[in-house]
Visitor: 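Next up is a structure, given as structure tokens.
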Amino acid sequence: MTFTVQFLIDVLSLGGAYALMALGLVIVYGILKLVNFAYGELIMVAGYAMFLMGGSGLPWLVMAGVAVIMAVIAGIATDYVAFRPVRAKSVTAVLITSFAFSTLLQNAALLFISPRPRPVPLPDIFSQTVTIFGAITPVRNLITIVAAIVLLALFAWLMRRTVLGIAMRAAATNFTMARMLGVPANLIITSAFAISGFLAGVVGLLWIGRIGTVVPGIGLEPLLVAFIATVIGGMRSMTGAVIGGFLLALIDTTLNYTLSQELLKFRDAFTFSLVILILLWRPDGLIKGPASGQRT
Amino acid sequence: MLEVNDLEVRYGAIRAVRGVSLKADTGELVAILGANGAGKSSTLMCIAGALKAAGGSIRLDGQDVTSANPEKMVRAGVATVPETRDVFPDLTVTENLTLGSYTRRSDRAGVTEDRERMLALFPRLAERAAQPAGTLSGGEQQMLVIARAMMSRPKVLLLDEPSLGLAPVIVDQIFEMIRTLKQSGLTIVLVEQNARKALSVADRAYVMRLGKIAASGTAAEIGAATDLSALYLGG
Amino acid sequence: MKRHLLTVAILGGLIVLLVLVNQWLGIRLYDRIATNLCISLVLVLGLQVFMGNSGILSFAHMGFMGVGAYTSAVLTIPAQMKGMALPDLYPFLQAVQVSPYLAIAAGGIVAALVAAALSYPLMRLSDAAAVITSFALLVVLYTVMTHWSQVTNGPRTLFGLPKATDLPLAAGVAILALIAALVFKESRTGRLLRASRDDETAAAALGAHIPSLRWRAFILAALFAGVGGALWGHFITSFSPKAFYLKETFLILSMLVIGGANTVTGAIVGTFIVTIAYESLRGFEGVLNEAKIMSNPVIGLTEIVLALAMIAVLALRPGGLFPTREIGALFGRKKTRQENAG
């Protein structure tokens, strides 16, 4: 019983974080077919925003709010710096500019802050533990689970119940047709990047809460996680991205519990080989995305 | 209402539309006929703002709207039904209709009222209101895209090949619907290969060949003066 | 044909000129920069062979550079040093010690073989799937290099490679790479591949089997990367897996993109420009550090400038400095025009 609860909490909290990461990547990919390599740096931005506000004495929730807003701004900046100037030129060009923007942000952190880890203020509750059915669990894992549930519900509501959300889903299948109904392209694109930044910001707080420090390269792991989860979940399906996130957490946690230390080092090699195999089998990802608007 | 002058459309080096002029008065139904590749759809898509004009001008109510982007054209009162019959397959019928009213989304009461009106006009769609649009038949999808276009309360409706690939019974229904829309005072530009059908509802018609207007006149004149089967062959 | 020879002559001449100027100046620092430039040329030309002809972005290139570097290292580190440099090495490799020149060639061949074995199924993917798989391949290669301590010494620095690479050798290999890249570009495979880049369906209709065309280009690219990696290993003599990851990918990619990925000329000019800019900026960072203008050491400025340059080039001149024509063709055209005028 204790073990089951422990395992379940581990999978759900890791999966919640992974699902949010994947969702932030896929919302931009679904609409623009742009793999945003600068996605991990949005998490980095949230982290450094927290560090810079560290000594300010503001309440933690205010700092967290500002950090998320900074991530949203960085997300929108991705649109203006990396995407708009080369939009419609070629897929490769957009990939390269987003990669360049990622390098730009990382090195800006190196130059203006420091290559060394910097502490991030965290509320006491992040380091406390509770006992549930005999399993000792950090409270931050429970916070992650709750945050994931709330954000996923909010996201689902936005996409299903608001006109903007419906328009974004429509743009993901057929951008031109959406425009021919009067949906402004720029609004949709900016919204996608803003939502991506919002998810990255929140997930960044939760993610950095595990380590307590931020470094310029902190975004790489979340980016890789988001890649794997979206590939598992289907690159154009938002539901798929969420399922992919939880599946990946299940795989990771299981490997952590079962693999020997010697093999555990190669975990990334295993999961990325899995990614390659899945893409070979199904280039659009494991779970089928929305249809591409073909005539029936 | 709509006035097109000397329009040119290019795809790279290819000139698909070469100096086309046409006009549609308020409440008029104008048909553009011609064979495959005559430049009909390119003309229509250029008016809709989906293609850039390489030359010439498009005026709506005397305002210059040449090379406006598609979303601006919708706001100006021009709704388009492309021949690819693009429903959003994952969205429900209702959601598709909601998107059609995107430009006037703040007018909630009006939108709801229009949606009810459309569902009353197309009972088939009302039955399937909560289904994903991708599960509809071809004819139902065609009805949906026309209804969706009407949700923006357009002044001008651009219809591209509404009969394409549909069974004759369905085609009759679609044209019945077009006639209803025309009676409501809407200005319609209809691109069709099915010339006989198109002329049966049109006030005037233009015949296009190789990117140019080859003939124009009232529907009766065109029907009498032109060998309709030749249109299909591009003769 | 004549314009291709002209291209080789001009670009090869540029490399020879680099060697001569360097010999004449005789400054050690410039020797290092020039040699690194020539090694970068081999790597960038390799990336050009795949990316320029197929139009697909590959992140895996640096992984194959690592394969070449480690292969050559295992083959050349003197037997008596292996106990220290590679304590976990498999016994059958402990006594192996071959000439560095042989080992550099072996580095290229092993990289090409690894690429051939891993990549065939990946070649039918396009767009985002192709990019993510190549990225995944880089992560896999990097993870293996970081943890396969039997042959790589794990994440720690591997040292003890004999110094065998000097400027004439690197320049010679770069010239060979230049010729090979041009020959491949004008070969039947290269031409079909370029046709597929512009229109996949049309090229397939011509009877081109696109995955196998891409595969050939990918193997050749990996060969270049492996040779480049081995050359670099024997120049720097100690390195760790970190040298074959994203930071270096960015640098090589910036050279190719700024110069123009579609042409060999672009690859070479881009490498020259970016290397010069890179070294000047690094020097500038050094000056700033000496002057202690900022409280922290200045790092990252170089990358920021390069990233901005890359975005600017892609926005203003998407094809890079040499988007379509090789320099030989450009000169040839000018000459014909002058003759016509005269």
Visitor: Within a radius of less than 6.0 Å around CD of A:Glu221, do more than 12 heavy atoms belonging to other residues, nucleotides or ligands occur?
Guide: no

Visitor: Please report the interatomic distance CZ(B:Phe88) to CE(A:Met177), rounded to the nearest 0.5 Å.
Guide: 6.0 Å

Visitor: Where do A:Ala170 and B:Leu99 come nearest, in terms of heavy atoms and distance?
Guide: CB-CD1, 3.1 Å

Visitor: State whether the side chain of B:Glu71 and the backbone N or O of A:Met180 hold a donor-acceptor pair below 3.5 Å, judged by distance alone.
Guide: no

Visitor: Given that the side chain runs from C-beta out, which part of B:Ala50 has a heavy atom under 4.5 Å from chain A: side chain, backbone, both or neither?
Guide: side chain

Visitor: Going from CG on B:Leu97 to CG on A:Leu181, what distance comes out if it is rounded to the nearest 0.5 angstrom?
Guide: 10.5 Å

Visitor: Please find the pair of heavy atoms, one from A:Val163 and one from B:Tyr102, that lie closest to each other, and give the distance.
Guide: CG1-CD1, 3.6 Å

Visitor: I need the minimum non-hydrogen distance between A:Gly182 and B:Val74, along with the two atoms involved.
Guide: N-CG2, 3.4 Å

Visitor: As an exercise: rank B:Leu91, B:Thr80, B:Thr103, B:Asn96 by heavy-atom pairs under 4.5 Å with chain A and give me the winner.
Guide: B:Leu91

Visitor: So which part of B:Ser152 gets closer than 4.5 Å to some heavy atom of chain A, the side chain, the backbone, both or neither?
Guide: neither

